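Structure record follows, encoded as structure tokens.
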Amino acid sequence: MSIVRLFPMLRPALWPVGVAFLLHTAASPRGVAAQPAPREQTADQQVHHVLNRLAFGARPGDVDAVRAVGVDAWIDRQLYPERIPDAAVEQLLGRFPTLGRTGEQLLADFPPAAVVRVQMQRRDAAMAMEDTVRRRQQGRPSYAFLGELASSRVARAVVSERQLQEVMVDFWENHFNVFAGKDRTRYFLPAYDAQTIRPHALGTFRDLLGAVAKSPAMLYYLDNWQSVADSGRPTLRAAQRPMNARQAARRAAAVQQRLAQNPQLQQAAQRRRGLNENYARELMELHTLGVDGGYTQQDVIEVARALTGWTIARGAQGGGFAFRGDVHDASAKTILGQSFAAHRGIEEGEAVLDLLASHPSTAKFIATKLARRFVSDTPPAALVERAAATFRRTNGDIRDVVRTIVTSPEFFASASYRAKVKSPFELVASTMRAMDAPPDATPRTSQLVSRLGQPIFGHQAPNGYPETGDAWMNTGAILNRINFGLAAASGRVPGIRLSAWPLTAQIATSSRDDQVDAVIEELFGGAVSSDTRQVLLTGTNPFLQQHGGANDSLLTADDDTPMMNGMASGDMTANARRQGASARRAARAPAAQQQQAAGREAVRPERGGTLTQSIGALPSLTGLTQIVGLALGAPEFQRR
């Protein structure tokens with residue numbers, strides 16, 4: 001079998017051969033004629049399609065369940081997650097004690113290491129040894145809660161019955177991206193997930209936008225908590241209750257004491273105070289109107305002025321949203337051609353959010369992004385316009401916009417079937433679900449997401465991870481995905497045991513041909529390309545041969561190259577074994593210690609390990625294990 005046959009969509013001028021492996025479109029089921037519009041997909045394709053787009057893939061039994069109630073009834077049920085019992089998630093959340101805690105609580109319980117050091121230095125030199133040990137231990141878990149949050153995100157995606165809710169949380173947390181690695185931002189992320197995004201994921205866009213604008217996570221990440229009126233601008237100070245001399249002195253002393261105890265606060269105080277445009281710019285460009293939404297730089301400045309005084313109650317120490325009129329720019333403003341009178345307070349910022357949320361450019365921008373997520377990387381213009389019209393007609397009702405998209409002929413078009421490449425998060429979650437794995441309360445699964453290229457809360461820029469497949473297409477990434485599939489089948493992914501997979505008992509003694517047919521039916525609804533079928537039958541993958549690897553051994557992807565340079569083949573295998581042994585030792589560490597390491601990795605992804613270090617050297621794979629491993633790495637499984 002030639003490489004050209006295996007990769008029929010190869011475009012050498014644009015992509016390496018590895019990209020074509022992921023890009024080539026799986027064949028339609030043999031003998032099934034295309035149905036006429038409005039739904040071109042067959043009945044079985046529709047079932048698999050909704051489970052791959054509105055959920056993180058099917059678990060064993062899901063296909064039959066959706067088929068029994070009907071695709072449309074299943075979609076309608078998922079659109080109302082509050083009506084769906086989710087006992088498994090409720091039980092699961094008890095394993096993550098820090099979820100939902102506020103930044104103020106986490107800062108008090110797990111202060112940053114720098115704060116702990118200062119506190120120790122300020123204590124009497126004769127401090128008891130047990131106090132010194134206690135203080136040091138107190139500083140160590142200052143990242144563990146971030147590891148718990150990332151682990152819970154993957155675990156919810158795997159086990160929740162409210163699958164569309166989890167898909168929408170993933171979408172909005174990427175749309176309103178916050179980077180955990182910026183200073184103290186990580187302390188505000190558990191509440192951001194629990195109190196800001198989740199309650200509004202299928203609500204109204206205006207409510208979601210307002211919750212994000214007032215969230216300590218976004219205020220801190222994009223610096224709006226420090227944005228105040230420039231010198232010379234009028235403020236609402238006169239409206240504040242005046243302090244007498246004693247109150248003013250007491251307040252000044254308290255501020256100085258806080259600064260002395262916290263070097264990070266000292267640095268913040270030393271920065272030039274004044275207007276900060278960071279949030280205003282991203283609010284317009286990334287959150288609402290879009291880069292071509294018709295605003296100007298002057299609009300950005302005016303929005304930033306309208307949002308001065310929107311801050312965190314206790315600043316870097318945490319607390320909820322607070323409005324400080326004494327630093328709010330109270331002068332008149334003009335935004336997108338609309339006049340805002342002088343001397344307005346918090347209601348001015350609310351009016352700005354109203355204006356942006358109801359703007360036609362916002363309707364189109366959000367409709368486009370949702371259509372891109374659910375339908376294709378290049379969503380049809382007619383669908384985007386219908387979704388935007390729904391947005392405008394319903395005042396930004398997210399549920400109705402999603403319904404417009406996921407019940408459309410374009411969503412169920414043949415061209416949309418398996419047209420999207422899974423992100424690493426989607427790949428790991430769908431693999432766990434396909435193999436009927438229990439949720440993983442340790443950070444090991446979320447670390448696999450990170451090492452496949454998508455650290456949770458680890459995207460530094462405010463634009464979030466791309467929603468298009470080209471971001472995940474390169475030879476090294478594809479090799480990593482193949483390795484991950486082989487690792488899952490061989491028991492190297494937490495919770496996945498082939499012996500516990502329901503299908504295993506049914507086909508364990510069957511011929512290889514029958515095993516291949518059964519695996520294809522279970523994972524792909526019986527529809528794969530002839531090339532994929534041949535790979536599963538023979539155990540020979542031309543892509544792996546092209547890159548010098550055997551099917552049953554760990555390959556070295558691009559991300560491992562610096563570590564492996566200069567090593568002979570035997571050295572590489574030995575090194576992989578050492579890495580695997582190290583990973584297994586880490587997996588036996590106490591849960592809090594594992595979460596602490598995972599949290600640090602989320603903040604500094606470049607310091608994290610590689611996929612090779614996570615899974616080690618694989619044993620020789622044969623029989624059903626080999627078939628399943630190759631199937632999980634096949635192009636059809638990499639797509640949704």
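Only a predicted model underlies this, so the values are computations on that prediction, with no experimental measurement involved.
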Quiz prompt | Short N-O contact, Glu385 and Lys364, less than 4.0 angstrom | solution = no
Quiz item: Do Asp326 and Val228 come within less than 4.5 Å of each other through their side chains, counting heavy atoms only?
Solution: no
Self-check item: Heavy-atom closest contact (Val428 atom, Leu452 atom, distance)
Solution: CG2-CD1, 3.6 Å
Self-check item: Arg186 charged N/C atom sitting above Phe457 aromatic ring, 6.0 Å / 45°
Solution: no
Quiz item: Does Leu79 offer a backbone N or O that forms a donor-acceptor pair with the side chain of Arg399 under 3.5 Å?
Solution: yes
Quiz item: At what distance, to the nearest 0.5 angstrom, does CG of Leu99 lie from CG of Leu93?
Solution: 6.0 Å
Self-check item: Modelled atom types, side-chain donor and acceptor of Gln46 and Arg39, under 3.5 Å
Solution: yes
Exercise. For the pair Phe171 and His175, name the ring-plane relationship: parallel under 30°, tilted 30 to 60°, perpendicular over 60°.
Key: parallel
Quiz item: Are Glu426 and Arg373 close enough for a salt bridge, meaning some N to O gap below 4.0 Å?
Solution: yes
Quiz item: Would you say the side chains of Lys420 and Ser376 form a donor-acceptor pair under 3.5 Å?
Solution: no
Quiz prompt | Side-chain heavy atoms of Trp472 within contact of Gln454, under 4.5 Å | solution = yes
Practice problem: Answer yes or no: is there an ion pair linking Asp299 with Arg281, defined by an N-O contact shorter than 4.0 Å? | Solution: no
Quiz item: Do Thr445 and Asp440 have a side chain donor and acceptor closer than 3.5 Å?
Solution: yes
Quiz item: Under 3.5 Å, side chain of Gln317 to main-chain N/O of Glu104, donor-acceptor pair present?
Solution: no
Practice problem: Please lay out, stage by stage, how Ser408 and Arg386 fare under the test side chain to side chain donor-acceptor pair (under 3.5 Å). | Solution: CA-CA 10 Å; Ser408 69; Arg386 294 201 307 277; 4.5 Å; no
Quiz item: Leu336 and Gln338: side chain to side chain contact (heavy atoms under 4.5 Å, CB included), yes or no, with the steps?
Solution: CA-CA 6 Å; Leu336 297 175; Gln338 181 170 321; 5.7 Å; no
Quiz item: Could you state the interatomic distance from CD1 (Ile398) to CG (Leu202), rounded to the nearest 0.5 Å?
Solution: 7.0 Å
Exercise. Sort and list the pairs that fulfil ring pair (Phe, Tyr, Trp, His ring centres under 6.0 Å) and have at least one residue in residues 374-396, not counting sequence neighbours.
Key: Phe205-Phe391
Self-check item: Under 3.5 Å: donor-acceptor pair, side chain of Gln226, backbone of Asn276
Solution: no
Practice problem: Compare every heavy atom of Leu236 with every heavy atom of Ala330, then report the nearest pair and how far apart it is. | Solution: CB-CD2, 3.6 Å
Quiz item: Once you round to the nearest 0.5 Å, how far does CD of Glu148 lie from CZ of Arg101?
Solution: 8.5 Å
Quiz prompt | Six-ring centre of Phe484, Arg481 cation under 6.0 angstrom, axis tolerance 45° | solution = no
Quiz item: Gln163 versus Leu54: any side-chain heavy-atom pair under 4.5 Å?
Solution: no
Quiz item: Do side-chain atoms of Thr196 reach the backbone of Asp193 as a donor and acceptor pair under 3.5 angstrom?
Solution: no
Quiz item: Do NZ/NE/NH1/NH2 and the carboxylate oxygens of Glu350 and Arg206 come within less than 4.0 Å?
Solution: yes
Quiz item: Do Asn224 side-chain atoms and Ser227 backbone N/O form a donor-acceptor pair below 3.5 Å?
Solution: no
Quiz item: Within 45° of the ring axis of Tyr220 and under 6.0 Å from its six-membered ring centre, is that where the NZ or CZ of Arg184 lies?
Solution: no
Self-check item: For the student: nearest non-hydrogen atoms of Ala419 and Arg639, plus distance
Solution: O-NH2, 3.2 Å
Quiz prompt | Donor-acceptor pair, side chain of Arg53 and main chain of Arg640, under 3.5 angstrom | solution = yes
Quiz prompt | Partners passing side chain to side chain donor-acceptor pair (under 3.5 Å) against Asp86 (at least two apart in sequence or in another chain) | solution = Ser160
Practice problem: Show your working on side chain to side chain contact (heavy atoms under 4.5 Å, CB included) between Phe321 and Ser215 and close with a plain yes or no. | Solution: CA-CA 7 Å; Phe321 169 77; Ser215 68; over 6 Å; no
Quiz item: Among side-chain atoms of Glu277 and Gln297, is any donor-acceptor pair under 3.5 angstrom?
Solution: yes
Practice problem: Run the numbers on Tyr187 and Phe145 for ring-ring contact (aromatic ring centres under 6.0 Å, His included), then give the verdict. | Solution: CA-CA 8 Å; Tyr187 284 93; Phe145 56 84; 5.0 Å; yes
Exercise. Apply the test side chain to side chain contact (heavy atoms under 4.5 Å, CB included) to residues Phe411 and Ser416: give CA-CA distance (whole Å), side-chain angles for both, the deciding distance (0.1 Å), then the verdict.
Key: CA-CA 6 Å; Phe411 178 79; Ser416 298; 5.8 Å; no
Quiz item: Are Trp74 and Val50 close enough that some pair of their side-chain heavy atoms sits under 4.5 Å apart?
Solution: yes
Quiz item: Do other residues, nucleotides or ligands put more than 12 heavy atoms under 6.0 Å from Gln298 CD?
Solution: yes
Exercise. Report the C-alpha distance between Glu82 and Arg162 in whole Å, list the side-chain angles of each, state the deciding distance to 0.1 Å, and finish with yes or no for salt bridge (Lys or Arg N to Asp or Glu O under 4.0 Å).
Key: CA-CA 8 Å; Glu82 66 278 7; Arg162 301 168 180 173; over 6 Å; no
Practice problem: Dump the intermediate steps for ring-ring contact (aromatic ring centres under 6.0 Å, His included) on Phe425 and Tyr465, then the final yes or no. | Solution: CA-CA 11 Å; Phe425 184 92; Tyr465 289 106; over 10 Å; no
Quiz prompt | Flag if over 12 foreign heavy atoms under 6.0 Å of NZ, Lys369 | solution = yes
Quiz item: Going by atom types alone, do Thr468 and Arg372 pair a side-chain donor with an acceptor below 3.5 Å?
Solution: no
Quiz prompt | Atom pair OG1/CG of Thr98 and Asp109 - distance to nearest 0.5 Å | solution = 10.0 Å
Quiz item: What do the steps show when you test Asp183 against Tyr221 for side chain to side chain contact (heavy atoms under 4.5 Å, CB included), and what is the final call?
Solution: CA-CA 8 Å; Asp183 195 19; Tyr221 172 53; over 6 Å; no
Quiz item: Just by distance, do the side chain of Glu166 and the backbone of Arg156 share a donor-acceptor pair under 3.5 Å?
Solution: no
Self-check item: For the student: nearest non-hydrogen atoms of Ser446 and Ile456, plus distance
Solution: CB-CD1, 4.1 Å
Quiz prompt | Nearest-0.5 Å distance that lies between atom OG in Ser151 and atom CG in Leu92 | solution = 10.0 Å
Exercise. Locate the shortest heavy-atom distance separating Ala371 from Pro379; write the atom from each residue and the value.
Key: CB-CB, 3.6 Å
Quiz prompt | Straight-line distance of Leu283 CG to Phe176 CZ, nearest 0.5 Å | solution = 8.5 Å
Practice problem: Classify the side-chain pair Glu348/His328 by whether it contains a donor and acceptor separated by less than 3.5 Å. | Solution: yes
Self-check item: Heavy-atom pair of closest approach, residues Val352 and Ala306
Solution: CG2-CB, 3.8 Å
Practice problem: Using modelled atom types only, decide if a donor and an acceptor are shared between the side chain of Thr308 and the backbone of Asp329 within a distance under 3.5 Å. | Solution: yes
Quiz item: Is there a donor-acceptor pair under 3.5 Å between the side chain of Gln105 and the backbone N or O of Thr102?
Solution: yes
Quiz prompt | Sidechain-backbone polar pair: Gln41 side chain, Ala413 backbone, donor-acceptor under 3.5 Å | solution = yes
Quiz item: Does a salt bridge link Asp400 with Arg393, judged by any charged N lying under 4.0 Å from a carboxylate O?
Solution: no
Quiz prompt | Short N-O contact, Arg305 and Asp230, less than 4.0 angstrom | solution = no
